Amino acid sequence: MLNHKHKKMRKNIVAGNWKMNATFQEAEELIADIVESLEKNTPGCEVIVCPPAVYLELASDYANDYENVLSIGAQNVSEYEKGAYTGEIAASMLASMSMEYCIVGHSERRKYFGETNQQLALKVERLLENAIHPIFCCGEQLEEREAGNHFKVVETQIKEALFHFSNDEFSNLLIAYEPVWAIGTGKTATTDQAQEMHAYIRTLIAEKFGKETAEDTTILYGGSCNAANAKELFANKDVDGGLIGGASLKANDFVAIANSF
Ligand code: 13P
């Protein structure tokens, strides 16, 4: 099933998830400001921008004009291949626009659109078939952490959606740990909380796919990550970068985060 177009190794990455924000004009201004700023302050990491689907072409055009400065990703994909699914976007469509990445299973999609681990497994499958790297999101709710269930919750999300893939297939995935209580709340996970969960996720991967695959997997942190706290978070051994929401809508803040390695 896997299309071997490109192979991923562990990387430092800062990815911006614009969510459902910006008009066309604002999106154009933001993407232009980001590439301009990245050219002046080249970060020591890969930078990805995930705009709303209607702006993917715009963002790709900018990224193509400034090669190697920026990669583009989508925020969501259909679990179906193609056909009569009004309003949906197929992985093959994203691939035909040279999309490299796609976020899957963001907690907002799980919460507001009822996405299940089983559906997410299909979305990941569609992306892998089309040689797009899924950025698979996982993370616990506040009550789950308070009850001491956070490891179990994240483990179930990852196992149910991802552990039936082959080692080769899994090697094309990125993981984003996003504790739900930290998203858009200004309440960042402490560096210890982030490192502890990232290390746990890496152990789970090692148990299933072996140490080499685990060491090669990029694991991003998301949840109120900003220019002031990124350096401390990224300094952790198992934190390979960030998935940034709010702060990715301001070019200077976003590029400052990318320059935090
Ligand atoms: P915030 O950075 O706004 O907390 O959002 C994080 C997020 O959900 C990224 O996907």
Side-chain angles (χ1 to χ4, degrees), residues 8-19 21-22 30-51 59 63 66 68-73 75 100-101 103 106-108 133 135-140 142 145 150 154 173-202 215-261:
K8 168 192 76 70
M9 292 292 282
R10 184 165 171 186
K11 289 178 187 170
N12 287 331
I13 289 180
V14 166
N17 175 8
W18 291 6
K19 307 190 180 181
N21 290 295
L30 180 54
I31 196 80
D33 287 351
I34 288 171
V35 286
E36 192 187 321
S37 180
L38 284 172
E39 283 222 302
K40 284 194 215 130
N41 313 282
T42 312
C45 69
E46 181 171 346
V47 180
I48 306 172
V49 168
C50 302
Y66 296 85
N68 296 327
V69 174
L70 192 63
S71 304
I72 306 298
Q75 295 178 13
E100 283 180 73
Y101 297 94
I103 299 169
H106 192 281
S107 62
E108 288 148 17
H133 299 300
I135 303 176
F136 180 82
C137 300
C138 56
E140 81 285 356
L142 184 59
R145 177 166 280 269
H150 43 301
V154 169
L173 277 144
L174 291 79
I175 307 280
Y177 169 56
E178 300 206 311
V180 179
W181 47 271
I183 296 177
T185 57
K187 232 171 130 182
T188 322
T190 64
T191 56
D192 286 351
Q193 286 171 328
Q195 167 56 28
E196 184 182 45
M197 184 59 86
H198 283 227
Y200 182 72
I201 293 170
R202 216 178 285 287
E215 284 304 318
D216 272 355
T217 303
T218 303
I219 308 178
L220 308 178
Y221 168 80
S224 299
C225 182
N226 57 39
N229 60 28
K231 213 180 185 75
E232 203 183 329
L233 284 161
F234 299 170
N236 288 288
K237 174 168 154 294
D238 289 298
V239 178
D240 303 311
L243 183 53
I244 319 300
S248 75
L249 297 169
K250 295 191 193 107
N252 286 344
D253 285 2
F254 183 56
V255 174
I257 295 170
N259 276 291
S260 299
F261 285 99

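Atoms considered below: every heavy atom in the structure, side chains included; atoms not considered: hydrogens, waters and symmetry mates. Values in this document were obtained by computation on a predicted structure and should not be read as measured data.
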With a cut-off of 3.5 Å and sequence neighbours excluded, list every side-chain donor-acceptor pair involving residues 244-257.
| from | atom 1 | to | atom 2 | distance (Å) |
| --- | --- | --- | --- | --- |
| Ser248 | OG | Ile244 | O | 3.2 |
| Ser248 | OG | Gly245 | O | 2.7 |

| Interatomic distance, Leu233 atom CG to His198 atom NE2 [nearest 0.5 angstrom] | 8.5 Å

| task | For residues Ala63 and Ile72, report the shortest heavy-atom separation together with the two atoms involved. | result | CB-CG1, 3.8 Å

| task | List the atom of His106, the atom of Ile103, and the distance in Å for their closest heavy-atom pair. | result | CB-CG2, 4.2 Å

| field | Exercise: identify the closest heavy-atom pair between Ala189 and Ala194 | value | CB-N, 4.4 Å

| query | For the side chain of Glu232 and the backbone of Asn229, is there at least one donor-acceptor N/O pair under 3.5 Å apart? | reply | no

| Beyond-backbone contact of Leu243 with Cys137, side-chain heavy atoms, under 4.5 angstrom | yes

| said: For Ile48, is there any backbone N or O sitting under 3.5 Å from a side-chain donor or acceptor partner on Ser71? | reply: no

| query | What are the two closest heavy atoms between Val14 and Phe261, and how far apart are they? | reply | CG2-CE1, 3.8 Å

| Spatial distance of atom CZ (Phe234) from atom CG (Leu220) [nearest 0.5 Å] | 8.0 Å

| query | Are the side chain of Arg145 and the backbone of His150 linked by a donor-acceptor contact shorter than 3.5 Å? | reply | no

| field | Value rounded to 0.5 Å, distance of OG in Ser260 from CG in Asn226 | value | 9.0 Å

| Do Asp33 and Ser37 come within less than 4.5 Å of each other through their side chains, counting heavy atoms only? | no

| said: Rounded to the nearest 0.5 Å, what separates atom CD1 in Ile183 from atom NZ in Lys19? | reply: 5.5 Å

| task | Identify the residue among Leu38, Ile31, Val35 that makes a side chain to side chain contact (heavy atoms under 4.5 Å, CB included) with Val49. | result | Ile31

| request: Let me see the working for Ile201 and Cys138 under side-chain contact (heavy atoms from CB on, under 4.5 Å), right down to the final yes or no. | output: CA-CA 10 Å; Ile201 293 170; Cys138 56; 4.1 Å; yes

| Side-chain donor or acceptor of Tyr200 paired with backbone N/O of Val154 under 3.5 Å | no

| task | Give, for atom CG of Leu173 and atom CD1 of Ile135, the distance between the pair rounded to the nearest 0.5 Å. | result | 10.0 Å

| said: Ignoring hydrogens, what is the shortest heavy-atom contact between Gly73 and Pro51? Give both atom names and the distance. | reply: O-CD, 3.4 Å

| Contact summary for Ala258 and Cys45, nearest pair of heavy atoms | O-SG, 3.4 Å

| message | For Cys50, is there any backbone N or O sitting under 3.5 Å from a side-chain donor or acceptor partner on Gln75? | response | yes

| request: Could you tell me whether the side chain of Asn236 and the main chain of Asp238 form a donor-acceptor pair under 3.5 Å? | output: no

| query | Does any N or O in the side chain of Tyr221 come within less than 3.5 Å of the main-chain N or O of Gly223, such that one atom is a donor and the other an acceptor? | reply | yes

| message | Nearest 0.5 Å, please: how far is CG in Asp216 from CZ in Arg202? | response | 9.0 Å

